[in-house]
Protein chains: 2
Amino acid sequence: MNGSRVHEASATGLLDRCRDRVRPALVEAVARLHPWTGEMAAYALGWADTAGTPDPGGSEGKGVRQALALLGAEAVGADAAEAVPGAVAVELVHTFSLLHDDIMDADALRRQRPAVWKSYGTGPAVLAGDALLAQAVTSLAEAPGPCTGAAVRHLCGTLTTLVSGQAEDLRFEDRPWSGPGAVEPDEYRSMAEHKTGALLGCALALGAVLGGAPDRTVTTLDRAGRHLGLAFQAVDDILGIWGDPGVTGKPVHADLRQGKKTYPVLVALAGGGKAAHELDALLASGRPIDGATAARVAALVEEAGGRTRTREEARRHQDAARHALREAPLRHSAAGELDVLFTHLLDRTW
Amino acid sequence: MNGSRVHEASATGLLDRCRDRVRPALVEAVARLHPWTGEMAAYALGWADTAGTPDPGGSEGKGVRQALALLGAEAVGADAAEAVPGAVAVELVHTFSLLHDDIMDADALRRQRPAVWKSYGTGPAVLAGDALLAQAVTSLAEAPGPCTGAAVRHLCGTLTTLVSGQAEDLRFEDRPWSGPGAVEPDEYRSMAEHKTGALLGCALALGAVLGGAPDRTVTTLDRAGRHLGLAFQAVDDILGIWGDPGVTGKPVHADLRQGKKTYPVLVALAGGGKAAHELDALLASGRPIDGATAARVAALVEEAGGRTRTREEARRHQDAARHALREAPLRHSAAGELDVLFTHLLDRTW
């Protein structure tokens, strides 16, 4: 295997190890739900199909957040077991947010299967999300040990931030691409930090809190996770325009066809110049974006520097995340594993 | 004033006093939300119209839950101030649950105004509910004092119960009125305990927990609140069929026209006899229930004993609630106020 493939195998092994470690507690948490919401939760988690039959087809998420929680604890010198209630909480919060966001964004597909609201109906999907959110906080609040209160407060702060991020994102839809009231790249970054970064930061921080780390270490790990989230979102936005549909599972130019205000487009528009002006005129026309138009939009975003500047944005946050990891007094082996995981998450096909 | 009116004035004064006491903290909690979700929350709480203009029209709820929390603390000898974070939490949870339940039940009206999902759209209403739920737990988790952890665990348990109750209620819709798989009166009672009783019990219990009461007193107060909730639901079910539209603000025979499986109908069907059989045949036909049919259904439910037995159900739980209050070692004045409040809630026009 070459270096990159060794790295890849190592990251996959790491995620598998963490998933196996958290799974019994996660299964137990879902088993405490009403059977119907439990069935929807199992579907949302990729464990089963709509008939409740175990689904080994691999619709399960990567489990990044649970891995960050366990590694957060190990990095501060604690046993990963301490962080399991935190890992369960962040996975359930993540599943809740995907489930409700899909309703709000009218996204019919999630991990190449119908979204929960498409399979079960909107009302039941709202309920399943509520059940997951309630169980997330419960799982953490019932954790033994002296750090539970601080962990619950950290999670609560994150929940409020997460919901604010989704509110900001939804509000972007009604705002113009340019001119007065246009969404600025900085506002997009702030939204992404709230919607994506906060929960990744929380996952790492909860591991550290439950592992008994001092506040300063917790804050640094939280910051590392937030930067990881921002880098991750920037990569995601690049893939949403230029990603290979065979790899991403999304149609070509998916984000452009949906009219999503993402960083590459916003930063291209903000840069000015001839390509930016043509791009602005195309987007401002308000016409539905068909295949040919989407290809033209993508080319103009690239020409106006949107792709390059988004790659720079991703690298900047990747560096900041790594820098934060080096800043904290972490156990060497776990810090190395976090580095492997960070690289794996950001080194996608872009 | 006669005795009943004196009692009424006293209960209203009590609710007003508690609302004034909790209001600043509740306003502060809502102010911490994203401005957009905050606007929807203010609308849902009856504080403002959809333009964000203060709405003194009285679309605000009674504030029963916040009052129970404060009185719960006073009843165990603590200052009401100790219970304010609990009062905020239960009011926010109540508002969250109305907001999401209205989406799930497709209820277009709430307190004689369009429901939040009707005014703002389903997606934004899902988001506003999420924000309220997150803020509810946050408000409690940030309370100072040594009892916060126990209070958060109590609230979390209630959230899971509440969501289960809503799941049970939604599942009743797909089940038959009679025969195999029919909803039994006992199942209805269990659903009502989860959906309505649990939060009223939690409100009283949180006051006691935050007031430093021993577990046994907390459990007894929780039980009192649950019985209050069951009595309240029974009265509500009677009003949903036989209530005066001028008083309830709902159309005549509202629950029957919506095909709701409520206690009076279920207990009438379960009783057997001629009227029950005719009722069963009418409901089993699956025809839409128009005005004339609803009147006939209401008459048959009454003839089959559904109204009488629901009144008995209400009285039984009212007595059990009062009995629980007497069982706990409570401060005399606050116990008296709780009794006034219980009477006020159950002594509606039925």
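Proteins get letters first, then strands, A, B, ... in listed order; numbering begins at 1 in each. Remember, it's a predicted structure, so these values are computed and weren't measured experimentally.
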If I take atom CD from residue Gln166(B) and atom CG from residue Leu127(A), how far apart are they, to the nearest 0.5 angstrom?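 Nearest 0.5 Å value for the CD-CG distance: 6.0 Å.
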Applying a strict 4.5 Å limit to non-hydrogen atoms, the region of Thr160(A) in contact with chain B is both
Closest-packed option against chain B by number of heavy-atom pairs under 4.5 Å, given Val126(A), Ile103(A), Leu140(A): Val126(A)
Looking at Arg32(B), Arg153(B), His100(B), which makes the most heavy-atom pairs under 4.5 Å with chain A? His100(B)
Chain A contact residues among residues 128-135 of chain B, heavy-atom distance under 4.5 Å: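 The list, in residue order, reads Asp130(B), Ala131(B), Leu133(B), Ala134(B), Gln135(B).
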Count the heavy atoms of every other residue, nucleotide or ligand shown that sit under 6.0 Å from CZ of Arg216(B), and state whether that count exceeds 12.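 Counting other residues, nucleotides and ligands, CZ of Arg216(B) stays at 12 neighbours or fewer.
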Counting only non-hydrogen atoms closer than 4.5 Å, does Thr122(B) touch chain A with its backbone (N, CA, C, O), its side chain (CB onward), both, or neither? side chain
Centroid-centroid under 6.0 Å between His34(B) and His194(A) rings: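 For His34(B) and His194(A), the ring centres are not under 6.0 Å apart.
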